[in-house]
Amino acid sequence: MFNQLKSEFLKLKYSKLFIAVPILLIAGFILYGSLSLSAEGTQILVSEGDEETNAAIHGVIGFFAFTFENAKAPAFREIIQSCMSCNVFLWIITLILTVQFFCYDYTAGTVKLPIAYGISRVKVYLAKVIVIILYYMVCYVLFNAITLGFTCYWGGYVPCFAELIQYFGYIGLNFLVMVSFILLCLTVCICLKNTGIIATVLCVFTLGGAVIYTGIWQNFHSHTILKYLVWLNPLYYWLNMGTFRLEYGLVYEIMIYFVFGLLFLLPLSVLLVRKQEFK
């Protein structure tokens with residue numbers, strides 16, 4: 001397994017994705033930094049609801065960048081909220097990395113080489129999954145660390161150790177959502193195989209789910225069918241993390257989503273890999 005992991009990592013290292021992902025993250029950071037030029041901050045995918053249901057955030061969900069009550073002395077809660085607003089862009093980068101890296105062997109036919117040497121298709125698949133998740137984890141942590149540093153510098157705030165632990169705890173929750181989203185992308189990749197169709201389906205699903213949720217979130221649980229569609233969408237969790245709706249069972253929902261990815265999507269994708277030939 002170690003040799004296969006090394007092989008998959010080298011494929012990634014010498015591919016354009018290895019450089020493209022950091023470049024896209026830098027572009028996202030530049031976009032995030034440009035939001036600081038607005039005196040009143042920037043709000044993205046914001047929806048207002050019943051203030052009585054959540055007085056702490058005034059009945060609002062969404063992403064808020066640099067929306068500080070006092071720009072000269074922001075609270076650390078506002079800094080975290082601003083930093084986590086970046087996650088609204090990162091699903092696109094996750095999608096690009098996962099689909100392009102996984103589907104390349106399909107289109108080039110190189111996936112047949114390790115299989116011809118007796119390496120099982122499941123081992124090849126799991127190696128790809130691990131490499132994608134680990135590489136993106138490193139990029140993701142560095143990106144969020146730099147984002148926090150920039151935001152604290154801009155706001156003149158020096159966080160203590162406990163606050164840093166709190167911040168990276170939130171970032172860790174967001175990453176669990178990303179892991180399940182990666183597994184969802186891979187499952188779709190195995191089923192559809194065509195890169196263009198895969199990207200279209202996942203983009204419509206992700207953006208469509210976010211639009212649906214912002215429209216129905218006040219009475220979300222009364223929509224029997226739509227709520228299950230939204231629960232599969234990573235932006236459902238990031239929209240709520242952006243406004244710290246943790247007291248409404250969000251951490252529990254994130255853990256359920258992560259377990260769903262590990263215990264359902266991963267075994268399902270492995271089963272599909274066993275049943276289908278790589279082409």
Side-chain angles (χ1 to χ4, degrees), residues 28 31-32 35 42-65 67 81-82 84-99 170 173-189 191-192 194-262 264-265 268-269:
L31 177 61
Y32 172 74
L35 302 180
T42 303
Q43 300 180 8
I44 302 171
L45 289 175
V46 173
S47 180
E48 296 186 4
D50 182 5
E51 294 186 8
E52 294 181 359
T53 62
N54 195 354
I57 58 170
H58 309 295
V60 176
I61 58 169
F63 298 93
F64 302 82
T67 53
Q81 180 174 280
S82 183
M84 289 196 301
S85 68
C86 293
N87 287 285
V88 72
F89 308 108
L90 297 188
W91 72 267
I92 302 175
I93 302 175
T94 307
L95 175 61
I96 292 173
L97 170 64
T98 304
V99 174
Y170 291 147
L173 287 173
N174 279 340
F175 185 73
L176 293 182
V177 175
M178 284 191 178
V179 170
S180 288
F181 182 59
I182 288 172
L183 294 174
L184 178 62
C185 291
L186 289 170
T187 304
V188 174
C189 286
C191 293
L192 300 181
N194 184 285
T195 305
I197 297 176
I198 293 167
T200 301
V201 169
L202 289 172
C203 285
V204 171
F205 164 75
T206 307
L207 291 176
V211 172
I212 291 172
Y213 180 56
T214 53
I216 68 171
W217 79 280
Q218 294 180 68
N219 53 354
F220 172 65
H221 291 281
S222 64
H223 293 75
T224 306
I225 298 177
L226 291 179
K227 69 179 181 181
Y228 292 108
L229 175 65
V230 172
W231 271 333
L232 289 173
N233 197 304
L235 288 183
Y236 163 75
Y237 305 96
W238 296 334
L239 280 166
N240 285 286
M241 281 293 293
T243 42
F244 302 105
R245 296 177 62 83
L246 305 181
E247 64 270 34
Y248 293 90
L250 182 62
V251 174
Y252 175 76
E253 289 183 329
I254 288 176
M255 296 307 299
I256 291 295
Y257 188 59
F258 177 66
V259 171
F260 169 77
L262 288 184
F264 179 77
L265 291 177
L268 175 62
S269 60

Legend entry - side chain to side chain donor-acceptor pair (under 3.5 Å) against Tyr32, all qualifying residues, sequence neighbours excluded: Ser82, Thr151
Inset, instruction - Calculate, to the nearest 0.5 Å, the distance between atoms CG and OG1 belonging to Leu95 and Thr206 respectively. - result: 7.0 Å
Legend entry - Pairing residues for Leu232 by the side-chain contact (heavy atoms from CB on, under 4.5 Å) criterion, not counting sequence neighbours: Phe205, Phe260
Inset, instruction - Check whether any side-chain N or O of Asn233 sits under 3.5 Å from a backbone N or O of Leu229 as a donor-acceptor pair, and report yes or no. - result: no
Legend entry - Over all atoms of both residues, closest heavy-atom pair of Met84 and Met241: CE-O, 3.0 Å
Legend entry - ring pair (Phe, Tyr, Trp, His ring centres under 6.0 Å) against Phe181, all qualifying residues, sequence neighbours excluded: none
Inset, instruction - With rounding to the nearest 0.5 Å, note down the distance linking CD1 in Ile198 to SG in Cys203. - result: 11.5 Å
Legend entry - Which residues share a side chain to side chain donor-acceptor pair (under 3.5 Å) with Tyr257, sequence neighbours left out: none
Inset, instruction - Find the distance between CG (Leu207) and CG (Leu202) and round it off to the nearest 0.5 Å. - result: 10.5 Å
Inset, instruction - Not counting sequence neighbours, which residues clear side-chain contact (heavy atoms from CB on, under 4.5 Å) with Leu31? List them please. - result: Ser34, Phe89
Inset, instruction - Quick one: pull up CD1 in Ile254 and CG in Leu176 and give me the separation to the nearest 0.5 Å. - result: 7.5 Å
Inset, instruction - Give, for atom CD1 of Ile197 and atom SG of Cys191, the distance between the pair rounded to the nearest 0.5 Å. - result: 12.5 Å
Inset, instruction - Please identify each residue that fulfils side-chain contact (heavy atoms from CB on, under 4.5 Å) with Val259, with sequence neighbours left out. - result: Leu263
Inset, instruction - Please list, chain by chain and in numerical order, all residues satisfying ring pair (Phe, Tyr, Trp, His ring centres under 6.0 Å) with Phe175, sequence neighbours excluded. - result: Tyr140
Legend entry - Side chain to side chain, Trp238 and Met178, heavy atoms closer than 4.5 Å: yes
Inset, instruction - Mind running side-chain contact (heavy atoms from CB on, under 4.5 Å) on Leu250 and Glu253 for me, showing each step along the way? - result: CA-CA 5 Å; Leu250 182 62; Glu253 289 183 329; 4.0 Å; yes
Legend entry - Qualifying residues under side-chain contact (heavy atoms from CB on, under 4.5 Å), relative to Thr98, sequence neighbours excluded: Thr94, Ile132, Ile182, Cys185, Leu186
Legend entry - Spacing of Leu183 atom CG and Leu268 atom CG [to the nearest 0.5 Å]: 10.5 Å
